[in-house]
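Ligands are counted one by one from 1 in listed order, and the atoms in each one are counted from 1 as well. Given the structure is predicted, the values throughout are model-derived calculations rather than measurements.
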Amino acid sequence: MTSAELLSLFELPFLDLLYRAQGVHRENFPSNRIQLSTLCSIKTGGCPEDCGYCPQSVHYDTGLKAEKLMPLDAVLEAAAAAKAQGAQRFCMGAAWRSPKDRDIEQLGEMVRGVKALGLETCMTLGMLESHQAKALAEAGLDYYNHNLDTAPEFYGEIIRTRQYEDRLETLSAVRESGMKVCCGGIVGMGETRTQRAGLLAQLSALSPQPESVPINQLVPVPGTPLADQPPIDPLEFVRTIAVARIALPRSTIRLSAGREAMDDALQALCFAAGASSIFYGDQLLTTSNPRAEADRSLMERMGLQAA
Ligand code: SAM
Ligand code: DTB
Ligand code: SF4
């Protein structure tokens, strides 16, 4: 769908938009199901990129200590704990511009080890070249996460160390490798509604569309350029989820970062608008997430089952 078509969806009365989004959701997904992914930061901080939202960039002083790549046994321990809590997928994130070829073998071992525990695997490691994507796919990596983050027109105000085009190239390398694509963005960075529609238009134009689409609400972190960004109107956030649901009818829409700033009623509205996946576990990458216990309670009160 075009940006203009998506903008006109944003402009519908709230309840009409929700009604349409729910219809699309019910046509394409089983009802009352939620997908649970647990994040693990396998390489924290010290990233050379300058993404204005990110606590892990070396360009900003956020008090975060840079660490080396986590050893295999520690990754497997975290994955086993995630599995025991009920996670279905284990997502490993690294604060890199891109992985080095010499890291790929170790990353492959992580993939094999996590899969052997009975979990799906996802990694987000920055930009990938085709041969790296192929090697990760051969190791059995199920999903690769690489976000477009925002509309092309707004991108340059948030990130200067790499271009939109670079992101699109990585996405096509991932697609060609046979891995499933996880690609979404962040809202609440000061973008306009037109730009939110622009991001969703870019995502919907990916062919085939990404299997998984994380919609993050900015977590403002002290020390980053976006630390004082005022929060987005909660109903506008729900609208973004609903428009994503309609624009990407078969993609799993993940209610991603930012849930700590949302109460249960707002999250329930996001699920009503078509989100059916969350990050599950007390920690995102470097910031906190609602406690697993609180999410289990929310799921139970809503009659949502993990699947
Ligand atoms: N370095 C890799 C990259 O950027 O592709 C992988 C890790 S990076 C932290 C993964 C994603 O986390 C970013 O694309 C962004 O969408 C999200 N993210 C980072 N900081 C965030 C924040 N403060 N609030 C919301 N989302 C954030
Ligand atoms: C995504 O879209 N959101 C996740 C995951 N993909 C890697 C990361 C959110 C990070 C939030 C900030 C932090 O905890 O560092
Ligand atoms: Fe680095 Fe990823 Fe953070 Fe950007 S979002 S600074 S690439 S870790």
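Within the structure, the salt bridge (charged side-chain N to carboxylate O under 4.0 Å, His left out) test picks out no pair touching residues 238-250 (sequence neighbours left out). Within the structure, every pair that satisfies the salt bridge (charged side-chain N to carboxylate O under 4.0 Å, His left out) test and touches residues 190-210, not counting sequence neighbours, is listed here: Glu191-Arg196, Arg193-Glu236, Arg196-Glu236.
For Arg259 and Phe279, the positive end is not near the middle of the six-membered ring at less than 6.0 Å and at most 45° from its axis.
Contact between Met92 and ligand 1 is absent, with no heavy atom of the residue lying under 4.0 Å from the ligand. Under a 4.0 Å heavy-atom criterion, Gln217 is in contact with ligand 1. Heavy atoms of Gly184 come nearer than 4.0 angstrom to ligand 1 in no pair at all. Residue contacts with ligand 1 include Gly126, since one of its heavy atoms falls under 4.0 Å from the ligand. Every heavy atom of Gln229 sits 4.0 Å or more from the atoms of ligand 1.
In this structure, atom 8 (S) of ligand 1 has its sub-4.0 angstrom surroundings free of protein heavy atoms. Protein heavy atoms come within 4.0 Å of atom 20 (N) of ligand 1.
In terms of polar-atom proximity, defined here as any N/O pair under 3.5 Å, Ala94 does make such a contact with ligand 1.
Residue, atom and distance of the protein heavy atom nearest to atom 24 (N) of ligand 1 are Val219 N, 3.0 Å. Looking at atom 3 (C) of ligand 1, its nearest protein heavy atom turns out to be Arg167 NH2, 3.5 Å. Closest to atom 17 (C) of ligand 1, if we only count protein heavy atoms, is Ile186 CD1, 4.2 Å. The protein atom (non-hydrogen) at minimum distance from atom 6 (C) of ligand 1 is Thr124 OG1, 3.1 Å. With hydrogens left out, the protein atom closest to atom 16 (O) of ligand 1 is Asp149 OD1, 2.7 Å, a heavy atom. In terms of protein heavy atoms, atom 12 (O) of ligand 1 is closest to Asn147 ND2, 4.6 Å. Nearest protein heavy-atom neighbour of atom 7 (S) of ligand 3: Arg162 NH2, 3.2 Å.
Counting heavy atoms closer than 4.0 Å to ligand 3, residue His59 contributes nothing at all. With a 4.0 Å cut-off on non-hydrogen atoms, Arg162 touches ligand 1 through its side chain and not its backbone.
In summary, Asp103 and Lys43 do not engage in a salt bridge, as defined by a charged side-chain N under 4.0 Å from a carboxylate O. Ion pairing between Arg162 and Asp50 fails under the 4.0 Å rule for side-chain N and carboxylate O. In this structure, Lys180 does not pair ionically with Glu211, as no charged nitrogen and carboxylate oxygen lie closer than 4.0 Å. A salt bridge links Asp142 and Lys115; the closest N-O separation between the charged side-chain nitrogens and carboxylate oxygens is under 4.0 Å.
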### Message
Pair Gln132, Ser130 - check side-chain hydrogen bond (donor to acceptor under 3.5 Å, both in side chains), show working.
### Response
CA-CA 5 Å; Gln132 297 177 318; Ser130 295; over 6 Å; no
N/O contact list for ligand 2, threshold under 3.5 Å:
| from | atom 1 | to | atom 2 | distance (Å) |
| --- | --- | --- | --- | --- |
| ligand 2 | 2 (O) | Asn147 | ND2 | 2.8 |
| ligand 2 | 2 (O) | Asn216 | ND2 | 2.8 |
| ligand 2 | 3 (N) | Asn216 | OD1 | 2.9 |
| ligand 2 | 6 (N) | Asn145 | OD1 | 3.4 |
| ligand 2 | 14 (O) | Leu285 | N | 3.0 |
| ligand 2 | 14 (O) | Thr286 | N | 2.9 |
| ligand 2 | 14 (O) | Thr287 | N | 2.9 |
| ligand 2 | 14 (O) | Thr287 | OG1 | 2.8 |
| ligand 2 | 15 (O) | Thr286 | N | 3.1 |
| ligand 2 | 15 (O) | Thr286 | OG1 | 2.7 |

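One side chain, Arg254 or Ser37, offers a donor N or O that lies under 3.5 Å from an acceptor on the other. Counted by atom type alone, Glu49 and Ser57 present zero donor-acceptor pairs between their side chains at under 3.5 Å.
The distance cut-off of 2.8 Å around atom 3 (Fe) of ligand 3 captures these protein N, O or S atoms, sorted by chain and number: Cys54 SG.
When all heavy atoms of Gly258 and Val219 are compared, the pair lying nearest together is N-CG2, 3.7 Å.
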